[in-house]
Amino acid sequence: MPVVRVLRRVACWMLQSPACGCRAPVLPSRFLGTSPRQIPMDANFHSTSFSEADQQRVLITGGLGQLGVGLASFLRKRFGKDNVILSDIRKPPEHVFLSGPFIYSDILDYKNLREIVVNNRITWLFHYSALLSAVGEANVSLARAVNITGLHNVLDVAAEHGLRLFVPSTIGAFGPTSPRNPTPDLCIQRPRTIYGVSKVHAELMGEYYYYRYGLDFRCLRYPGIISADSQPGGGTTDYAVQIFHEAVKNGRFECNLKPDTRLPMMYIDDCLRATLEVMEAPAESLSMRTYNISAMSFTPEELAQEVLKHVPELQVTYNVDPVRQAIADSWPMNFDDSNARKDWGWKHDFDLPELVTTMLNFHGSESRVAQAN
């Protein structure tokens with residue numbers, strides 16, 4: 001069979017050819033045994049390189065949380081409505097469903113996640129599925145499954161298919177032994193919540209996959225994010241969202257943190273812009289895989305005083321939740337985000353006065369529409 005032998009030699013030569021600049025990657029395999037996912041020791045993943053002109057195909061997991069819907073809207077303006085797919089395990093509100101592509105996606109179902117990536121030719125994946133701090137402490141086993149097992153599935157799918165992967169981290173990734181004022185990018189972390197532990201795990205696993213398999217992993221440690229058009233989602237910093245709802249709705253607000261609890265915060269517009277900017281930053285400009293970002297830092301009392309300038313009749317009381325207070329006391333008071341500003345030009349737009357004005361304008365107009373209806 002001389003022809004067969006010749007063809008075999010040609011095939012072997014093509015597979016070993018150095019023309020591509022790398023050896024052929026060995027992709028992760030899924031098995032039916034006790035370990036559903038195994039990555040060969042000699043695996044070598046190479047993320048797809050993107051240029052400014054490329055049209056990305058984006059998937060957002062956990063899309064019905066505080067940030068997902070806003071991120072989808074933001075990215076659709078950049079990449080086109082049909083190129084950004086929002087996903088979750090919950091039924092979306094009608095306005096979300098009609099605003100662009102939405103599909104069911106369970107991050108604990110590897111096969112389902114893989115099918116979505118393949119069938120929709122996904123190139124960028126934003127992984128927002130997670131249980132937040134206070135909710136996670138109330139259901140540790142579920143938080144462990146969603147925040148850690150789900151992350152493993154996402155990492156493997158992203159590595160297998162050469163995706164650019166973004167996973168948000170948080171101020172909750174630090175602990176009481178971390179320097180708090182300011183908190184640098186690299187320091188001891190040791191969080192004491194399952195949410196924080198899972199985020200440190202995500203940071204380290206993403207960095208490991210970058211060095212081991214070439215996965216283009218990018219991560220930002222978000223401060224408390226304040227959003228006008230979403231409800232609080234069980235986080236320790238949610239008081240800074242709830243105060244605006246209550247100020248416009250009934251003129252009374254009960255805060256579950258002490259008045260002098262200082263935490264770093266950011267308006268959602270800055271958060272979404274930072275997320276896109278770090279994803280579009282040239283790989284050679286990134287000196288690390290995980291960056292702190294920040295905009296402002298304030299206490300509940302300072303926030304209330306700024307709100308009172310616009311709503312002088314607002315009554316603020318304090319009923320401290322010991323669980324949330326203990327969490328807040330272990331978190332940074334200020335973020336040092338100098339590396340993000342130096343490496344890829346991060347710069348925030350919203351300080352406290354602009355934040356309060358924007359939030360009250362949104363909720364005030366929303367209240368007036370409701371009254372008119």
Side-chain angles (χ1 to χ4, degrees), residues 130 132-134 136-137 143 147-148 166-208 210-211 217-226 235-240 256-267 270-271 274-275 277-278 285-303 320-348 350-352 355:
L132 301 184
S133 54
E137 289 307 290
N147 296 11
I148 297 179
F166 178 85
V167 179
S169 190
T170 167
I171 55 175
F174 297 97
T177 55
S178 305
R180 299 185 65 208
N181 192 18
T183 303
D185 285 301
L186 300 176
C187 65
I188 189 169
Q189 293 185 249
R190 294 295 189 274
R192 291 183 179 175
T193 65
I194 186 61
Y195 176 59
V197 168
S198 68
K199 286 304 184 181
V200 173
H201 180 77
E203 294 174 15
L204 295 176
M205 287 295 291
E207 187 171 331
Y208 173 75
Y210 167 72
Y211 286 111
F217 172 84
R218 305 184 182 202
C219 177
L220 296 178
R221 292 193 188 104
Y222 291 155
I225 304 300
I226 302 174
T236 300
T237 59
D238 278 353
Y239 83 87
N256 52 33
L257 294 181
K258 295 177 182 178
D260 60 350
T261 305
R262 182 171 299 280
L263 293 168
M265 300 283 187
M266 177 180 287
Y267 185 56
D270 278 341
C271 172
T275 301
E277 286 179 4
V278 77
S285 71
L286 304 179
S287 63
M288 56 187 66
R289 292 288 111 189
T290 299
Y291 288 90
N292 293 342
I293 55 166
S294 190
M296 65 194 91
S297 183
F298 55 75
T299 67
E301 185 174 27
E302 289 170 349
L303 176 60
V320 176
D321 176 351
V323 173
R324 295 192 188 212
Q325 186 64 50
I327 292 172
D329 288 341
S330 71
W331 283 359
M333 300 168 67
N334 284 286
F335 257 164
D336 176 359
D337 61 356
S338 56
N339 285 314
R341 295 176 186 268
K342 172 173 59 73
D343 285 2
W344 45 275
W346 162 240
K347 184 179 180 182
H348 70 279
F350 288 81
D351 288 311
L352 183 56
L355 165 73

Given the options Asp343, Asp337, Asp185, Tyr291 meets side chain to side chain donor-acceptor pair (under 3.5 Å) only with Asp343

The side chain to side chain donor-acceptor pair (under 3.5 Å) partner of Tyr222 among Asn292, Thr275, Thr237 is Thr275

Out of curiosity, [X] [atom1] to [Y] [atom2], how far, rounded to the nearest 0.5 Å?
X      : Y      : atom1 : atom2 : answer
Lys199 : Ile148 : NZ    : CD1   : 10.5 Å
Met288 : Asn339 : CE    : CG    : 4.0 Å
Glu203 : Leu220 : CD    : CG    : 10.5 Å
Tyr239 : Leu303 : OH    : CG    : 5.5 Å
Met333 : Arg180 : CE    : CZ    : 5.5 Å
Arg341 : Lys347 : CZ    : NZ    : 9.0 Å

The side-chain contact (heavy atoms from CB on, under 4.5 Å) partner of Arg221 among Pro332, Ser294, Ser169 is Ser169

Before you tell me yes or no, could you show the steps for Gln325 and Thr261 under side chain to side chain donor-acceptor pair (under 3.5 Å), namely the whole-Å CA-CA distance, both residues' side-chain angles and the distance that decides it to 0.1 Å?
CA-CA 8 Å; Gln325 186 64 50; Thr261 305; 3.1 Å; yes

Measure up the Tyr267 and Phe350 rings against each other and bin them: parallel (under 30°), tilted (30 to 60°), perpendicular (over 60°).
tilted

Under-4.0 Å salt bridge between Lys258 and Glu301:
no

Greater than 12 external heavy atoms within 6.0 Å of Arg262's CZ
yes

Taking atom CZ of Arg192 as the centre, report whether more than 12 heavy atoms of other residues, nucleotides or ligands fall under 6.0 Å from it.
no

A side-chain contact here means heavy atoms from C-beta on lying under 4.5 Å apart; do Pro264 and Met266 qualify?
no

Would you check if Ser297 and Leu263 make a side-chain contact, meaning some heavy-atom pair closer than 4.5 Å?
no

Determine, for Phe166 and Arg218, whether the Lys NZ or Arg CZ falls below 6.0 Å from the six-membered ring centre while staying within 45 degrees of the axis.
no

